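Taking it in order: structure first as structure tokens, then the write-up.
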Amino acid sequence: MILSKDELHAPLLAECDRLRDELAHLEEQDAEIAAGDVSEHTGYGNHLADDATETFEHEKRISLRKTVERRLRAVEEALGRFERGEYGLCERCGTEIDLARLEAIPYTSLCLRCQRIAEMAPRRR
Ligand SMILES: [Zn+2]
């Protein structure tokens, strides 16, 4: 249980670092795999089953990377709002976001009501 929004700054910073590390790691892996692919495709021709698995793994990695990127952006934006003194205010309607909601999702920029509206009509996200 948190008592004030300020208590969420440290965890947000930690989350930001963690996500940057994770993203760097994923990018490193992708680079290694890309480098490996080049040499592999010059030689052998009977890698059909492996290729299918590789494609699947590749897609999984891409979607994981997108998830991490999106999360990182949200966390960075939340930190930016902290700096501007706007943290915890709903981006859409300007009301204070519930502390319990912020504790559960510290990088959220919408109050619960606006989040529901946004989910019903997904225009900007
Ligand atoms: Zn709102």
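Ligands are counted one by one from 1 in listed order, and the atoms in each one are counted from 1 as well. Nothing here was measured: the structure is a model prediction, and the numbers come from that model. Reckoned from all heavy atoms, side chains included, excluding hydrogens, waters and symmetry mates.
For the pair Lys60 and Glu57, the salt-bridge criterion is met [side-chain N within less than 4.0 Å of a carboxylate O].
Here the closest non-hydrogen pair linking Leu3 and Leu99 is O-CD1, 3.6 Å. Residues Leu72 and Cys16 come closest through the heavy atom pair CD1-O, 3.7 Å.
Distances shorter than 2.8 Å separate the Zn ion (ligand 1) from the protein N/O/S atoms Cys90 SG, Cys93 SG, Cys111 SG, Cys114 SG.
Side-chain contact check for Gln115 and Arg101: at least one donor-acceptor pair (N or O, by modelled atom type) lies under 3.5 Å.
For His9, the NE2 atom is densely surrounded, since the number of other residues' heavy atoms within 6.0 Å is greater than 12.
Using cut-offs of 30° and 60° on the angle between ring planes, the pair Phe82 and Tyr87 is parallel.
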